[in-house]
Amino acid sequence: MPLKTRTYQGSPRNLSRLASALARGELVAVPTETVYGLAGNALNPAACRAIFKAKGRPTADPLIVHIHALRQVEALAVPNEASEKLAAAFWPGPLTLILPKRAIVDDLVTSGLPSVALRMPAHPLFRRLLRGCDLPLAAPSANRFGYISPTTAAHVKAGLAGRVRHILDGGPCLLGLESTIVDLRQPAKPRILRPGPLSAAQISKILGCEVHTGRPPSHEGLPQVAPGLLKRHYSPRTPLVVHERIPEGAWHSRPRNEAWLLLCRPAKPAANVFCLDPRGDLRAAARHLFALLRELDSGGYTRIHAELAPGTGLADAINDRLRRAAAKD
Ligand code: TXA
Ligand code: MG
């Protein structure tokens, strides 16, 4: 039986209702500053199971646990000096820390890994909800597994209507890309597992050491983390091809039913050519990326051509999402 899905505005009355729903083990789709999440009580295995089921997500892909107070870190994980520095610098914000877990965190949340992913989000409505229920909330992005992450309440409804009861509408997400994930299991060897709004340079500056990127080499003998960081992800149904640069007018020699996604506005606009931001501002580009990919995916095109962002930092995060969207498996 499909569930009746309702979208709520963030009034005090609605927030207190939704906090009670979470305490009862129900799921609530919530706004965050990165993307919308599908939240459930991280300490309730039935709620966590319901998250995997609603998304159609394999249980081998662990969940991020969201908190509102630093005291919760100590209850769920084993912090270290590096995690304390990064939390002080960037929380609340788009940063997820991987730390050794405590026994209170169920294996279902971490997919059997001995480490847990923690994040203190910044969106004011989600923070009020977290405080209201005073529970750690497990929340993956609120999309069907493998599809493009949602950055509005309408995106969540499009993917999960009938599968979740409650959607809290907090407006469009400010950043538009998922949090930067930093593995701190070996505090002296910090590693970015997923590039995001916070860059390697920003993290390295706070820690005062180099920050590695990509998966840890197998000879370090650590359990393979982030099994969910699959190559193919964030994928539109329409085939997507990425290009280092798309020169002005490249579309003239191609069929008109192919779409072109540029960083900034072309000199001569065309109906099948779109831009992430008229001036090519990377923050705005990141904010618009997923919404525009969804729009192009339902535009009846046979192919989407997307241009990679120049430089590093936020460009790395945008390009990571585009490359995964283009990956074949
Ligand atoms: O911005 C975000 O991080 C959003 C919002 C909702 O907070 N959440 C999000 O969750 O992007 P999700 O589930 O779509 O991506 C979480 C990633 C997964 O690829 C998963 O493999 C990794 O985090 N992860 C979760 N727990 C982990 C753990 N214990 N060790 C390593 N990686 C983990
Ligand atoms: Mg996701």
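Only a predicted model underlies this, so the values are computations on that prediction, with no experimental measurement involved. Order of listing sets the numbers, starting from 1, for every ligand and every atom in it.
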Trainee: For atom 27 (C) of ligand 1, which candidate among Cys173, Ala39, Pro62 holds the nearest heavy atom?
Mentor: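 Looking at heavy atoms only, the winner is Pro62.
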Trainee: With a heavy-atom distance limit of 4.0 Å, tell me whether Asp183 approaches ligand 1 through its side chain, its backbone, both, or neither.
Mentor: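 For Asp183, no heavy atom sits under 4.0 Å from ligand 1.
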Trainee: Would you say the rings of Tyr8 and His166 are close, in the sense that their centroids are separated by under 6.0 Å?
Mentor: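 They qualify: ring centres under 6.0 Å apart.
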Trainee: Does Glu307 reach the main-chain N or O of Ile246 with its side chain, forming a donor-acceptor pair under 3.5 Å?
Mentor: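 Such a contact is found between Glu307 side chain and Ile246 backbone.
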Trainee: Quick one: does Pro121 get a heavy atom under 4.0 Å from ligand 1?
Mentor: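 False for this residue.
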Trainee: Check Val116 against ligand 1 and report side chain, backbone, both or neither, counting heavy atoms closer than 4.0 Å.
Mentor: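 Only the backbone of Val116 comes within reach of ligand 1.
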Trainee: Could you list which atoms of ligand 1 come closer than 4.0 Å to a heavy atom of Asp61?
Mentor: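 Every atom of ligand 1 under 4.0 Å from some heavy atom of Asp61: 18 (C), 19 (O), 20 (C), 21 (O).
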Trainee: Check Glu33 with Arg119, please: is the shortest side-chain N to carboxylate O separation under 4.0 Å?
Mentor: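 Salt bridge flag = yes for Glu33 with Arg119.
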Trainee: In the single-linkage hydrophobic clustering (I, L, V, M, F, W, Y; side-chain heavy atoms under 4.5 Å), do Val156 and Ile148 co-cluster?
Mentor: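 No, Val156 does not connect to Ile148 through the hydrophobic network.
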Trainee: Using a heavy-atom cut-off of under 4.0 Å, does the side chain or the backbone of Arg57 touch ligand 1, or both, or neither?
Mentor: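 The part of Arg57 near ligand 1 is the side chain, not the backbone.
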Trainee: Looking at non-hydrogen atoms alone, which of Ala77, Pro31, Ser141 comes nearest to atom 12 (P) of ligand 1?
Mentor: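 When every heavy atom of Ala77, Pro31, Ser141 is considered, Ser141 comes closest to atom 12 (P) of ligand 1.
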Trainee: Please say whether Arg119 places an N or O atom under 3.5 Å from an N or O atom belonging to ligand 1.
Mentor: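 It does: an N or O of Arg119 is found under 3.5 Å from an N or O of ligand 1.
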Trainee: Are any of the N/O atoms on His66, whether in the backbone or the side chain, positioned under 3.5 angstrom from an N/O atom of ligand 1?
Mentor: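 Between His66 and ligand 1, an N or O pair is found under 3.5 Å apart.
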Trainee: Identify, by atom number and element, the atoms of ligand 1 in contact range of Thr34, meaning under 4.0 Å from any of its heavy atoms.
Mentor: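 This gives 1 (O), 2 (C), 4 (C), 5 (C) as the contact atoms.
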Trainee: Counting heavy atoms only, name the option from Val65, Ile98, Val35, Ile51 that's nearest to atom 30 (N) of ligand 1.
Mentor: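 Nearest option to atom 30 (N) of ligand 1, by heavy atoms: Ile98.
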Trainee: Could you give the distance from OG1 (Thr32) to CG (Leu125), rounded to the nearest 0.5 Å?
Mentor: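 Taking OG1 in Thr32 and CG in Leu125, the distance rounds to 11.5 Å.
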Trainee: Would you please determine whether Lys101 falls within less than 4.0 Å of ligand 1 on a heavy-atom basis?
Mentor: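 For ligand 1, residue contact (heavy atoms, under 4.0 Å) with Lys101 is absent.
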Trainee: Going by the side-chain contact (heavy atoms from CB on, under 4.5 Å) test, name the single residue among Pro197, Pro195, Pro94, Ser199 that passes it with Thr180.
Mentor: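 So, applying the side-chain contact (heavy atoms from CB on, under 4.5 Å) to Thr180 and each of Pro197, Pro195, Pro94, Ser199, only Pro197 qualifies.
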Trainee: Return yes when at least one N/O/S atom of Ser141 is nearer than 2.8 Å to the Mg ion (ligand 2), and no when none is.
Mentor: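 It does; at least one qualifying atom falls short of 2.8 Å.
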Trainee: According to a 4.5 Å side-chain heavy-atom criterion applied to Ile, Leu, Val, Met, Phe, Trp and Tyr, with indirect links allowed, do Leu27 and Leu108 form part of one hydrophobic cluster?
Mentor: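 Yes, Leu27 connects to Leu108 through the hydrophobic network.
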Trainee: Considering both backbone and side-chain atoms of Ser115, is one of its nitrogen or oxygen atoms within less than 3.5 Å of a nitrogen or oxygen in ligand 1?
Mentor: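 Yes: some nitrogen or oxygen of Ser115 is under 3.5 Å from one in ligand 1.
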Trainee: Anything under 30° is parallel, anything over 60° is perpendicular, the rest tilted; go ahead and classify His305 against His243.
Mentor: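 Plane angle between 30° and 60°, so tilted.
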Trainee: Linking I/L/V/M/F/W/Y whenever their side-chain heavy atoms sit closer than 4.5 Å, directly or via other members, would Ile51 and Phe145 fall into one cluster?
Mentor: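 Different hydrophobic clusters.
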Trainee: Do Leu174 and Ile318 belong together in a cluster built from hydrophobic side chains that touch within less than 4.5 Å?
Mentor: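 Hydrophobic grouping puts Leu174 apart from Ile318.
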Trainee: Ser179 heavy atoms, cut-off 4.0 Å: which ligand 1 atoms fall inside?
Mentor: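 Within the 4.0 Å cut-off of Ser179, ligand 1 contributes 1 (O), 2 (C), 3 (O).
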Trainee: Among the clusters formed by ILVMFWY side chains lying less than 4.5 Å apart, do Val109 and Leu76 turn up in the same one?
Mentor: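 Same hydrophobic cluster.
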Trainee: Please could you name the atoms of ligand 1 that Arg194 approaches to less than 4.0 Å, counting only its heavy atoms?
Mentor: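 Near Arg194, the atoms of ligand 1 are 2 (C), 3 (O), 9 (C), 11 (O), 15 (O), 16 (C), 17 (C).
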Trainee: Taking only heavy atoms of Pro140, which atoms of ligand 1 are found under 4.0 Å from at least one of them?
Mentor: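 Result: 10 (O), 12 (P), 13 (O).
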Trainee: Run the numbers for me: atoms of ligand 1, each under 4.0 Å from some heavy atom of Ala117, listed by number.
Mentor: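 So the atoms of ligand 1 that pass are 25 (C), 26 (N), 27 (C), 29 (N).
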